[in-house]
Amino acid sequence: MKADLQFDFVVDKEKSTITVQREFAAGRQLVWDCYTKSELLDRWFAPKPLTTKTKSMEFREGGHWHYAMVEPNGQEYWGRLDYQTIQPIDRYTALDGFSDASGALNPDLPRSTWNVTFSDKAAHTVVETVVAYASAEAIQQVIDMGMKDGMTSTLERLDELLLALN
């Protein structure tokens, strides 16, 4: 990440939310595409050294993205995003959860609601992701799993992809 690009990671245990604000040196349409097209998500949506592979994706209200983050040794960590609302290039909401390879949610790990908004900041784009959990305990669980470092690394990969695509 370039030092002059905004990055905020704010935990609010009273509201059971994590808010991530991140600025990218690219136009909103390109950033939106990187968040909503599986062929682009597969190129950045995992912290290094993991990679991402999409099993299925339907980016539409009521659709889903079922994917795995894959370690270099082949170990897979499955996730599922269920899209609730979509306002193209402005925002979307989705339910996020850990799953298995068939897409069945893992009831032992926290599920969250993601509210992702895209806005212009001069020639850049700011993405704000508000992740809401059922409890402060659920937030603590994902923090303990390394969410902040994982998000930081993942969003740096998006910087690299945007640079390559621009």
Side-chain angles (χ1 to χ4, degrees), residues 1-12 15-48 50-69 77-99 110-134 138-139 142-143 145-166:
M1 178 178 86
K2 296 178 184 170
D4 58 342
L5 295 179
Q6 173 187 351
F7 175 63
D8 298 310
F9 187 96
V10 179
V11 177
D12 185 335
K15 292 183 180 177
S16 299
T17 60
I18 297 172
T19 301
V20 180
Q21 275 197 336
R22 184 64 156 71
E23 180 180 349
F24 297 99
R28 190 169 8 154
Q29 182 66 59
L30 181 57
V31 175
W32 171 266
D33 288 348
C34 286
Y35 271 79
T36 62
K37 294 182 176 182
S38 62
E39 64 272 16
L40 294 172
L41 281 160
D42 284 351
R43 294 174 64 184
W44 71 272
F45 197 83
K48 288 181 181 180
L50 282 68
T51 57
T52 303
K53 71 174 184 179
T54 295
K55 185 167 187 177
S56 61
M57 184 173 190
E58 292 179 66
F59 185 71
R60 61 172 178 78
E61 291 182 0
H64 72 279
W65 178 39
H66 183 211
Y67 64 95
M69 292 185 189
Y77 304 96
W78 288 93
R80 181 180 173 107
L81 219 63
D82 291 291
Y83 298 106
Q84 297 177 303
T85 62
I86 298 171
Q87 294 176 352
I89 82 164
D90 290 332
R91 64 185 297 271
Y92 68 84
T93 60
L95 293 173
D96 178 58
F98 297 92
S99 73
R111 193 160 198 215
S112 59
T113 301
W114 287 39
N115 185 351
V116 186
T117 58
F118 300 76
S119 58
D120 298 320
K121 182 178 178 182
H124 293 178
T125 300
V126 174
V127 178
E128 179 182 77
T129 305
V130 179
V131 185
Y133 290 90
I139 282 184
V142 296
I143 289 170
M145 292 169 67
M147 184 171 183
K148 183 175 183 181
D149 289 342
M151 287 291 288
T152 301
S153 176
T154 298
L155 296 174
E156 287 172 354
R157 285 185 115 163
L158 179 52
D159 281 328
E160 294 167 8
L161 177 59
L162 290 167
L163 190 60
L165 294 174
N166 266 334

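In what follows, every heavy atom counts, from backbone to side chain, and hydrogens, waters and symmetry copies are set aside.
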**Request:** Go through H64 and M57 one step at a time and tell me if the side chain to side chain contact (heavy atoms under 4.5 Å, CB included) criterion holds.
**Result:** CA-CA 6 Å; H64 72 279; M57 184 173 190; over 6 Å; no
Taking every heavy atom of C34 against every heavy atom of L165, the minimum-distance pair comes out as SG-CD1, 4.0 Å
Relative to the ring of Y67, is the ring of F45 parallel (under 30°), tilted (30 to 60°) or perpendicular (over 60°)? perpendicular
Set out, in order, the CA-CA distance, both residues' side-chain angles and the distance that settles side chain to side chain contact (heavy atoms under 4.5 Å, CB included) for R91 and T85, then state yes or no.
CA-CA 8 Å; R91 64 185 297 271; T85 62; 3.9 Å; yes
For E61 and I86, indicate whether the former's side chain and the latter's backbone hold a donor-acceptor pair under 3.5 Å.
yes
Tightest non-hydrogen contact, residues V31 and A26, listed as CG2-CB, 3.9 Å
- request: Kindly indicate, with the supporting measurements, whether the criterion salt bridge (Lys or Arg N to Asp or Glu O under 4.0 Å) is fulfilled by R28 and D90.
  value: CA-CA 9 Å; R28 190 169 8 154; D90 290 332; 2.5 Å; yes
- Query: Hey, mind stepping through W32 and L30 against side chain to side chain contact (heavy atoms under 4.5 Å, CB included) and telling me if it holds?
  - Reply: CA-CA 5 Å; W32 171 266; L30 181 57; over 6 Å; no
message = Using 30° and 60° as the class boundaries, would you call the ring planes of Y92 and F118 parallel, tilted or perpendicular?
response = tilted
Between R22 and the options V126, T154, L5, the side chain to side chain contact (heavy atoms under 4.5 Å, CB included) test singles out L5
Derivation and outcome, side chain to side chain donor-acceptor pair (under 3.5 Å), residues Q84 and D82
CA-CA 6 Å; Q84 297 177 303; D82 291 291; over 6 Å; no
The reported gap from CD in E39 to CG in D33 (rounded to nearest 0.5 angstrom) is 8.5 Å
Closest heavy-atom pair, E58 versus Y83, reported as atoms and distance to 0.1 Å, is O-CD1, 3.7 Å
The reported gap from OG1 in T125 to CD in Q29 (rounded to nearest 0.5 angstrom) is 10.0 Å
To the nearest 0.5 Å, atom OG1 of T19 lies from atom CG of N115 at 9.5 Å
Practice item. May I ask you to decide whether D42 forms a salt bridge with K37, counting only side-chain N to carboxylate O separations under 4.0 Å? Key: no
Taking the side chain as every heavy atom from C-beta outward, state whether V11 and I143 have any atom pair closer than 4.5 Å. yes
Q. Does any N or O in the side chain of S153 come within less than 3.5 Å of the main-chain N or O of D149, such that one atom is a donor and the other an acceptor?
A. no
Evaluate side chain to side chain contact (heavy atoms under 4.5 Å, CB included) for M147 paired with V131, printing each intermediate quantity in order.
CA-CA 11 Å; M147 184 171 183; V131 185; 4.3 Å; yes
Interatomic distance, CZ@F24 vs CG@L158, rounded to 0.5 Å, equals 4.5 Å
Nearest heavy-atom contact between M69 and A46 is CG-CB, 3.9 Å
When L162, L155, T52, T51 are each screened for side chain to side chain contact (heavy atoms under 4.5 Å, CB included) with W44, the one that passes is L155
Checklist entry - Does N166 use its side chain to pair, donor to acceptor, with the backbone of A25 at less than 3.5 Å? => result yes
Answer yes or no for K55 and W65: cation-pi contact, defined as NZ/CZ to six-membered ring centre under 6.0 Å and angle to ring axis within 45°. no
Q: For the residue pair T152 and F7, establish whether any side-chain heavy-atom pair is separated by less than 4.5 Å.
A: yes
Begin with the C-alpha distance, continue with both residues' side-chain angles, and end with the deciding distance and a verdict on ring-ring contact (aromatic ring centres under 6.0 Å, His included) for Y77 and F98.
CA-CA 8 Å; Y77 304 96; F98 297 92; 9.0 Å; no
To the nearest 0.5 Å, atom NZ of K48 lies from atom CD of E156 at 7.5 Å
CD of E128 to CG of D8, rounded to nearest 0.5 Å, is 9.5 Å
- request: Say whether, by atom type as modelled, one donor and one acceptor occur between the side chain of E23 and the main chain of Q6 under 3.5 angstrom.
  value: yes
